[in-house]
Novice: 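Encoded as structure tokens, here's the structure I'll be asking about.
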There are 2 protein chains.
Amino acid sequence: MGTTQLESVPEPKYWHLKTVLSEALDSEFSVGEILPNERDLAARFGVARATLRQALEQLELEGRLQRRRGVGTTVAPPRVGVAVGSEQQAWPGAAGDDWQTVDCAAAVPPASVADALGTDREQAVHTVRRSRMTHGQPVAAELLYIPEASVPELSAIDAPSGAARARAVLRELQRLELESRENAVELGSARADDAKELDRLPGAPVLVVTTRYLAGGRTAAVSVATYRADTCRLTFGDSGAVEIHEGPERQAS
Amino acid sequence: MGTTQLESVPEPKYWHLKTVLSEALDSEFSVGEILPNERDLAARFGVARATLRQALEQLELEGRLQRRRGVGTTVAPPRVGVAVGSEQQAWPGAAGDDWQTVDCAAAVPPASVADALGTDREQAVHTVRRSRMTHGQPVAAELLYIPEASVPELSAIDAPSGAARARAVLRELQRLELESRENAVELGSARADDAKELDRLPGAPVLVVTTRYLAGGRTAAVSVATYRADTCRLTFGDSGAVEIHEGPERQAS
DNA sequence: TAGTGGTCTAGACCACTCA
DNA sequence: GAGTGGTCTAGACCACTAG
């Protein structure tokens with residue numbers, strides 16, 4: 001990628017640097033390839049390491065790079081499209097989705113969720129944790145909030161917590177008739193627990209998808225799913241993401 | 001907000017700082033209020049300015065703060081929800097949307113857009129620029145790509161460029177029957193031109209919404225809209241093209 | 001243990017806004 | 001011109017990964 005000199009322009013160095021690196025990624029590197037380390041790169045471009053890092057951070061934000069502590073910086077594959085609005089009529093946990101139920105507990109939801117659910121702010125609700133995998137990589141961590149009222153017959157079916165309980169809650173939920181869903185997407189940063197599940201550091205940029213499940217004229221459940229912003233492109237609408245990827249087709253389970 | 005001491009924990013300082021600031025924002029500040037400047041804040045917490053800035057950057061990313069060079073750091077209002085998937089059956093420029101048509105030119109689209117449109121990579125298409133305002137603030141800048149084939153009768157109707165031309169293109173486009181739309185959302189950073197229009201600095205985080213408009217079995221148009229990630233929450237109504245059941249109408253704005 | 005990215009410091013100067 | 005946030009430097013040490 002050469003030893004390109006940075007001209008002294010009013011444009012910030014890191015911005016110019018980002019452009020140069022971006023072009024180098026297109027022309028001289030292939031997916032998965034390891035870049036020189038930050039100290040070498042900074043020296044090569046004649047800038048401080050912090051400046052070089054500013055450029056790398058942006059490229060990582062745009063999904064061009066992947067950095068891992070103790071390992072290095074690699075060229076990221078194109079973002080994977082994940083369908084968020086396609087299973088239009090389905091409750092979470094319906095057959096065929098690629099979510100994995102992790103566990104379940106009773107917990108008091110954040111105030112905003114409680115308001116959406118119409119429950120008291122101190123009232124505990126079923127809290128189901130799920131994670132979503134695509135191509136063997138974790139792409140999303142989700143917390144599902146389901147008030148007692150939505151699963152009235154759950155009482156003594158299963159264990160009080162754990163994955164079995166979670167599945168029981170979702171099973172009960174599916175007895176309701178789903179009227180519609182409402183999605184919202186916004187930018188956030190990963191909490192510590194989500195970050196761990198997503199194999200990122202805390203604070204990593206994520207796309208937060210909040211879904212309200214409406215049934216019987218009320219909000220029967222609320223889902224807050226955090227997607228890795230660096231690796232994901234969220235698709236909404238009819239035919240979601242049919243991804244082109246080489247290799248054997250995923251087989252039905 | 002006090003002079004809270006940072007304990008020496010393995011948790012990064014900026015992370016802890018962010019938590020402390022976040023709580024202070026909730027309890028001791030109101031929307032629009034100006035924070036102390038970065039040098040004072042850093043001194044107050046006993047950290048270097050760079051560390052303090054790392055915390056502020058995250059809070060800005062989460063939409064809690066707004067920073068303006070030469071002015072200061074203020075407490076941001078809650079994110080505004082902007083509907084992206086609600087006018088499911090509408091072409092861009094349909095009556096009632098809150099987009100403002102800026103201008104139009106013939107230009108060669110990015111390769112990815114050309115592929116989606118099915119045009120040659122060197123072929124120029126109508127490129128309409130629009131901007132979206134909400135509550136008097138710019139929230140999105142859009143580039144619409146419309147191939148000649150989608151507006152065959154446009155020939156000599158209006159000026160070769162400018163806002164009048166743009167409106168003529170959109171008017172012609174609306175003669176086609178819209179079959180469906182496909183949306184994708186991903187994280188990006190603002191290009192210089194978009195940043196200017198959004199009143200942000202280049203590189204600011206944006207949510208990039210790519211929409212394919214399908215008509216007559218082909219992609220009739222592609223829209224690439226960049227939304228300010230700090231101020232916007234994108235909402236996708238469900239109302240999947242098919243089902244229409246009565247009920248309380250969702251209201252815009 | 002060597003090498004990587006992540007955090008942190010204490011400065012400096014620049015670009016911008018506004019009185 | 002005073003004050004703000006934005007950029008940049010040249011170091012240092014830490015946390016993590018892997019041979």
Side-chain angles (χ1 to χ4, degrees), chain A residues 6-19 21 33-61 64-76 189-190 192 195-196 199-205 230, chain B residues 6-19 21 33-61 64-76 189-190 192 195-196 199-205 230:
Chain A
L6 302 173
E7 308 103 37
S8 72
V9 285
E11 190 179 48
K13 278 189 187 177
Y14 79 90
W15 186 260
H16 191 263
L17 204 47
K18 180 188 139 187
T19 308
L21 284 169
E33 206 170 339
I34 303 179
L35 266 64
N37 72 51
E38 298 184 347
R39 292 163 180 84
D40 285 353
L41 273 182
R44 197 183 306 202
F45 287 103
V47 299
R49 191 177 155 219
T51 304
L52 186 268
R53 276 179 62 81
Q54 218 172 334
L56 294 185
E57 263 150 34
Q58 284 229 0
L59 289 170
E60 189 178 28
L61 198 79
R64 306 287 314 271
L65 293 178
Q66 188 147 358
R67 297 145 91 203
R68 300 176 67 111
R69 163 151 52 174
V71 180
T73 302
T74 56
V75 181
S189 47
K196 192 179 170 189
D199 192 25
R200 301 256 61 198
L201 288 164
D230 56 343
Chain B
L6 301 173
E7 307 103 37
S8 71
V9 284
E11 190 178 48
K13 278 189 188 177
Y14 78 90
W15 186 259
H16 191 263
L17 204 46
K18 181 188 138 186
T19 308
L21 285 169
E33 206 171 336
I34 303 178
L35 265 63
N37 72 52
E38 298 183 347
R39 290 163 180 86
D40 285 354
L41 273 181
R44 197 183 305 203
F45 286 103
V47 300
R49 192 178 154 217
T51 305
L52 186 270
R53 277 179 61 81
Q54 218 172 334
L56 294 184
E57 263 150 34
Q58 284 228 0
L59 289 170
E60 189 179 28
L61 198 79
R64 306 287 314 271
L65 293 179
Q66 187 146 358
R67 298 194 288 168
R68 300 175 69 107
R69 163 152 53 176
V71 180
T73 302
T74 57
V75 181
S189 47
K196 192 179 170 190
D199 191 25
R200 300 257 63 198
L201 288 162
D230 54 344

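No experiment lies behind these values; they were computed from the predicted model shown. Chain naming here is simple, since letters A, B, ... match the order of the sequence lines and numbering starts at 1 in each.
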Novice: Nearest heavy atom decides the nucleotide; on that basis, is B/E57 or A/A50 closer to the 5' end of DNA chain D?
Specialist: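 The residue whose closest nucleotide sits nearer the 5' end is B/E57.
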Novice: Atom CD of B/Q54 to atom C1' of C/dG6: distance rounded to whole Å?
Specialist: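 Answer to the nearest Å: 8 Å.
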Novice: Do A/F45 and A/L21 have side chains that get closer than 4.5 Å, going by heavy atoms?
Specialist: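 Counting from C-beta outward, A/F45 and A/L21 do come under 4.5 Å.
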Novice: Could you state the atom-to-atom distance from CG of B/L201 to C1' of C/dC16 in whole Å?
Specialist: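 In whole Å, C/dC16 C1' and B/L201 CG are 10 Å from each other.
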Novice: Go ahead and name the base partner of C/dA10; Watson-Crick or wobble counts if both distances stay under 3.5 Å, otherwise write none.
Specialist: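 C/dA10 is paired, partner D/dT9.
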Novice: Taking the minimum atom-to-atom distance to the side chain of B/R49, which one of D/dT7, D/dA10, C/dT9 wins?
Specialist: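 The nucleotide sitting nearest to the side chain is D/dT7.
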Novice: Can you tell me how far P of D/dC8 sits from CD of A/Q58, to the nearest Å?
Specialist: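 The answer, rounded to whole Å, is 11 Å.
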Novice: Mapping B/L52 and A/R69 onto DNA chain C by nearest heavy atom, which one lands closer to the 5' end?
Specialist: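 Looking at the nearest nucleotide for each, A/R69 comes out on the 5' side.
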Novice: Among the nucleotides D/dA10, C/dC18, C/dC8, which one has an atom lying closest to any side-chain atom of B/V71?
Specialist: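 Taking heavy atoms from C-beta onward, the closest nucleotide is C/dC18.
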Novice: Look at the side chain of B/N37 and decide which nucleotide, out of C/dG5, D/dG5, C/dT7, has an atom nearest to it.
Specialist: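 The nucleotide sitting nearest to the side chain is D/dG5.
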Novice: I want to verify a distance call: between C/dC8, D/dG6, C/dG5, whose nearest atom is closest to the B/R67 side chain?
Specialist: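 The nucleotide sitting nearest to the side chain is D/dG6.
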Novice: In whole angstroms, how far is the C1' atom of C/dC13 from the NZ atom of A/K13?
Specialist: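 So the NZ-C1' distance, A/K13 to C/dC13, works out to 12 Å.
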Novice: Is any side-chain heavy atom of A/R67 closer than 4.5 Å to one of A/R53?
Specialist: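 The answer is yes, as the side chains (C-beta and beyond) meet within the 4.5 Å cut-off.
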Novice: Which nucleotide sits closest to the side chain of A/E38: C/dG5, D/dA10, C/dT17?
Specialist: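 Closest nucleotide to the A/E38 side chain: C/dG5.
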Novice: When you measure from the side chain of B/R53, which nucleotide among C/dT7, D/dT7, C/dA10 comes out closest?
Specialist: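 Shortest atom-to-atom distance from the side chain points to D/dT7.
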Novice: Looking only at N and O atoms, is any donor in the side chain of B/R39 or the base of D/dG3 less than 3.5 Å from an acceptor on the other one?
Specialist: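 Checked by distance alone, the answer is no.
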Novice: Which nucleotide in the list C/dC8, D/dT4, D/dT9 gets nearest to the side chain of B/Y14?
Specialist: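 Of C/dC8, D/dT4, D/dT9, C/dC8 is nearest to the side chain of B/Y14.
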Novice: Can you check the A/I34 CD1 to D/dG19 C1' distance for me, whole Å?
Specialist: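 Going from CD1 in A/I34 over to C1' in D/dG19 covers 14 Å.
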Novice: For residues A/R68 and A/D199, determine if any side-chain heavy atom of one lies less than 4.5 Å from a side-chain heavy atom of the other.
Specialist: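 With C-beta onward as the side chain, the pair touches.
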Novice: Just the rounded figure in Å: distance from P of C/dC16 to CZ of B/R200.
Specialist: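 So the two atoms are 15 Å apart, to the nearest Å.
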Novice: Could you check how far CZ of A/R68 sits from P of C/dG6, rounded to whole Å?
Specialist: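 For the pair A/R68 CZ and C/dG6 P, the rounded distance is 11 Å.
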Novice: Using atom CD of A/E11 as one end and atom P of C/dC14 as the other, report the distance to the nearest whole Å.
Specialist: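 From A/E11 CD to C/dC14 P: 18 Å.
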